[in-house]
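None of these values were measured; they are calculated from a predicted model. A, B, ... follow the sequence lines: proteins, then strands. Residue 1 opens every chain.
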2 protein chains.
Amino acid sequence: MQTLAILTQVLKKNKVRITTIRKALLMILLTRTKPMSVYDFQKRLQHEGIDAHKVTLYRDIELLCTLGIMREVSFTDGFRRYELEEDHHHHAVCTACKEVFEINDQALEKAVFSLERRTKKRYHFASLSHNLEFLGVCTRCFKHS
Amino acid sequence: MQTLAILTQVLKKNKVRITTIRKALLMILLTRTKPMSVYDFQKRLQHEGIDAHKVTLYRDIELLCTLGIMREVSFTDGFRRYELEEDHHHHAVCTACKEVFEINDQALEKAVFSLERRTKKRYHFASLSHNLEFLGVCTRCFKHS
DNA sequence: TTGCAATATGCAACTGAGTTGCATATAATA
DNA sequence: TATTATATGCAACTCAGTTGCATATTGCAA
């Protein structure tokens, strides 16, 4: 379990300044579990009275990724999203409302990692990671259609 | 197994004109198995002496998708790619050379579909499809690095 | 085979996510 | 609190994909 103190420590160790925006980004990461796009972060910050330029967000997010604090979660809808490095989840995206549902299923996680190992061996890939997303229509959107 | 005759029949039935570009697109789909981006199609057509504008390709590809002839295969690198509807495969993408390797593994396909059914039930999604891609470094790129 | 109408194509100009160079503002250190 | 290196913002860019409209081509009927 990460805390703000642990994360700011990482910044300090790397001689990276702890600015208002960066601290706010870390707080958001700690309180949100769903992957967030740059625009999600921007809106959330605005809500807290912080106006951050998108360029800054892109740069800070890239920084936090290289420091191993957050990771990019790839989706196929054209928006890059990010989450705390410690969460590795798969997601189900509702194609109607674009909501991202986090899938919490140990058996699924295990199965996917075993598929990854299998594929790495069969196709002689030096390193391998994966993206798995489910696309569908959530209950709520289904009822309203 | 699809043939050019079957596919042009589909166009005719839908009162859609069979133009040089469309016929060439179908031929390419029939002889290629890997998913192709719009720019892949454009290069391939140029090679056969056909200069097609990207706008035309986007529109024709969309048309062929709605006719059920091709399908979009989503990747997370920002390029949409397309393949014949009958192929449903998963892919391994080399992050170095961007080559797409088709994965032909019956056991993997079965496993993934079972994960899909499982997830649909657990999360009450009305309909569900999935994207699974593996990302890594292929043998050739690994040797050259 | 030709002429006509409907459809396909190309062009130019646009959208929107993400990027880059540079000037200004701010955090950390002495 | 002054200094200086780093962070932020701005403007202008890139590039995949989209849209409106003018022109070219296809399929059909005569």
Quickly work out the A:D60 CG to D:dA7 C1' distance and round it to whole Å. 8 Å

5' priority, DNA chain C, between B:A52 and A:R80 [closest heavy atom]: B:A52

Comparing B:F79 and A:T19 on DNA chain D - which has the more 5′ nearest nucleotide: A:T19

What is the distance, rounded to the nearest whole Å, between atom CD1 of B:I21 and atom C1' of D:dT25? 11 Å

In this structure, how many angstroms lie between the C1' atom of D:dA24 and the CZ atom of B:R17, rounded? 11 Å

Quick check: on DNA chain C, is the nucleotide nearest A:V55 upstream (toward 5') of the one nearest B:K54, or the reverse? Name the residue that is more 5'. B:K54

With heavy atoms of chain B within less than 4.0 Å as the criterion, where does contact along DNA chain C begin and end? C:dA6 to C:dA12

Report which part of the nucleic acid A:V38 touches: base, sugar-phosphate, or nothing (heavy-atom distance under 4.0 Å, all strands). nothing

Flag the pair B:Y39 / B:F79 as yes when their ring centroid distance falls below 6.0 Å, and as no otherwise. no

For atom CD1 of A:I18 and atom C1' of D:dT6, their distance in whole Å: 13 Å

Quick check on the hydrophobic clustering: are A:V55 and A:Y58 connected, directly or via other members, by side-chain heavy-atom contacts under 4.5 Å? no

Step-by-step salt bridge (Lys or Arg N to Asp or Glu O under 4.0 Å) determination, B:E99 to B:K34: CA-CA 10 Å; B:E99 177 123 10; B:K34 286 180 193 179; 2.9 Å; yes

For B:T139 and A:H124, indicate whether the former's side chain and the latter's backbone hold a donor-acceptor pair under 3.5 Å. yes

To the nearest Å, give me how far apart CG (B:D40) and P (D:dG17) are. 11 Å

Please report the distance, rounded to the nearest Å, between CZ in B:F41 and P in D:dA16. 16 Å

Does the structure place the NZ or CZ of B:R81 under 6.0 Å from the centre of the six-membered ring of B:F75, at an angle of no more than 45° from the ring's axis? yes

Base, sugar-phosphate alone, or nothing: which one does B:D51 contact when heavy atoms must sit under 4.0 Å apart? sugar-phosphate

Measure from OH on B:Y39 to P on D:dG17 and round the result to the nearest Å. 6 Å

I'd like to know if A:E116 and A:K120 make a salt bridge, using a cut-off of under 4.0 Å between side-chain N and carboxylate O. no

Rounded to whole Å, the NZ-C1' distance (A:K12 to D:dT6) equals 17 Å

A:H90 ring center near A:H130 ring center (under 6.0 Å): yes

